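We name chains A, B, ... by the order of the sequence lines, and we start the count at 1 in each one. These figures come from a predicted structure and were not determined experimentally.
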Protein chains: 2
Amino acid sequence: MAKNDRINQQILQQLTRDGRISNLELADRVGLSPSACLRRVQDLERAGVITGYRAVLNREAMGAGFVTYIGVGLGEHTKEAQKAFERAMDEAVEVVECHNITGTIEYLLRVECADLPSYKRFHTDILGTSPFVAAITTYVVMGSPKDLRS
Amino acid sequence: MAKNDRINQQILQQLTRDGRISNLELADRVGLSPSACLRRVQDLERAGVITGYRAVLNREAMGAGFVTYIGVGLGEHTKEAQKAFERAMDEAVEVVECHNITGTIEYLLRVECADLPSYKRFHTDILGTSPFVAAITTYVVMGSPKDLRS
DNA sequence: GCTATTGAGGGAATGAAATTGCGTTTTTGA
DNA sequence: TCAAAAACGCAATTTCATTCCCTCAATAGC
C-alpha cells in the first residue's frame, strides 16, 4: 500500500497537472532522486491510486462542438444487458462518458459530436441499434459556466 | 492547423486511452514511422487539439467517492436568475461541472462529495439556499464504465 | 545498549525512447 | 502534366527510464 505523505501528494498533484512530465523533472520538483521518485510513482500505480494517463482534448478545435447529455433507460435490467450496452458505448468514439446511475433511468452519457447532423447519426445508428435501449432523453449543452474537468 | 483524417483520429483515440503510451508503440498502432507519428502528435498539441495530459486518480482512494449528477430547474428564467445561480455554483467547491442545457430543466451539475452526509450538507445548505432553485433531481453515480474526461 | 533487519534514498551504468536532420515519396493545385 | 508543398521513412544523436548496488535511517529483538 502506498503511503499518503507530503511527497506522494506532490507527485499526484504534479501528475494531475501534467501526466507526461518526465521522471527527471518530476523528481526535481518533489525533491527526490529520479530513481526514488520513479519507485514512488510505480508504487502509486500498483496500489491503484493512479489508474491511468490520458490526453485531454479540445473537441471544439477539431469540430466537435455539439455536446449533449443523454439519459438512457434499458428495457432489461440483467447483467448481460448492461454489459452489452456498456461495450457498445465503449466502442463509440462520440461517447465521452458513461455513468451508471440510480433513478428512473440506468445511464447518463456525455456525447460530443461535430454538429446536429452528426449527432443524429449517432442517435439513430449507434444508440438506436444498441441492444436493450428503451428510453432516450437528450439534453443539449448550450454552455458550461463551470467545468473543472475539461 | 492539424488535419482531421483517419490517422489523427486514431492517434487521439489511443492517447485518450493511454496518454503515456510510447511514441514507438503509438506509431506502430496507427501504422506510421515514429518520426512521422511524433510530428503529428506535436502538430495536434500546437493546434490546441491536445490541451494536455493528466494522470487519472482513483477518487475513492482520495476521499471524494460520492459522485452525483443533479438536474436543476429554476423558478425564474430571467438573466438575473441565471447569473445568480451560476455564481452560487461557481463558489461551491463540491460543484465540478455546471452545464446550461435545453429541456425541462435548466442546469445539469456534477457534484463530488466525500460521502452521503457531506452530500446532504451540500444539498440543503448550498442548493437549498441558492436563489431561484425550484426543482432538484439527483442521480447518484454507481459507476462509470467509461469516462474519458476524468 | 547493541545489532540484525527492513525500508527508502542516491548514484552510476545500461538500454530504450524521443527528437532531429535529411533525402525520398506522395499529394495538391495550377 | 508538372512544379511546389506536404508528409513520410531512415538513421544519427540526445535524452530519459530503468535497473543494480551501495548507503543511511528507523525499528524490533535480544
| Which nucleotide, dG9(C), dA18(C), dT19(C), lies nearest any side-chain atom of L24(B)? | dA18(C)
| request: Rounded to the nearest angstrom, tell me the gap between atom CG in D28(B) and atom P in dA16(C). | output: 16 Å
| query | Do E94(A) and Y119(A) have side-chain atoms, one donor and one acceptor, less than 3.5 Å apart? | reply | no
| Nucleotide of dA17(C), dT20(C), dT19(D) approaching L38(A) most closely (side-chain heavy atoms) | dT19(D)
| message | Does any part of the side chain of L57(B), heavy atoms only, come nearer than 4.5 Å to the side chain of L12(A), both counted from C-beta? | response | yes
| Euclidean distance, atom CD1 of residue I7(A) to atom P of dA8(C) [Å, nearest integer] | 12 Å
| query | Considering only side-chain heavy atoms of P34(A), which listed nucleotide, dT20(C), dT18(D), dC8(D), is closest? | reply | dT18(D)
| Toward the 5' end of DNA chain D, which comes first, D5(B) or R20(B), by nearest nucleotide? | D5(B)
| said: I need the CG-P distance between L32(B) and dT26(C), as an integer number of Å. | reply: 14 Å
| query | Between dG9(C), dT18(D), dT20(C), which nucleotide has the shortest distance from any of its atoms to the side chain of N23(A)? | reply | dT18(D)
| said: Any base atoms under 4.0 Å from R40(B), or only sugar-phosphate, or nothing? Heavy atoms, all strands. | reply: sugar-phosphate
| Are V111(A) and V93(A) connected in a single hydrophobic cluster, I mean Ile/Leu/Val/Met/Phe/Trp/Tyr linked by side-chain heavy atoms less than 4.5 Å apart? | no
| said: Can you confirm whether the side chains of H99(B) and Y107(B) place a donor and an acceptor under 3.5 Å from each other? | reply: no
| note | In whole angstroms, the gap separating P of dA18(C) from CD1 of I21(A) amounts to 17 Å
| Length of the line joining E25(A):CD and dA17(D):P, which is rounded to integer Å | 10 Å
| query | With a 3.5 Å cut-off and no angle check, do the side chains of E45(B) and Y53(B) form a donor-acceptor pair? | reply | yes
| When the distance from CD of Q42(A) to P of dG9(C) is rounded to whole Å, what number comes out? | 13 Å
| Minimum-distance nucleotide to R39(B) side chain [options: dA18(C), dC21(D), dG21(C)] | dG21(C)
| With a non-hydrogen cut-off below 4.0 angstrom, is S35(B) in contact with a base, only sugar-phosphate, or nothing? | base
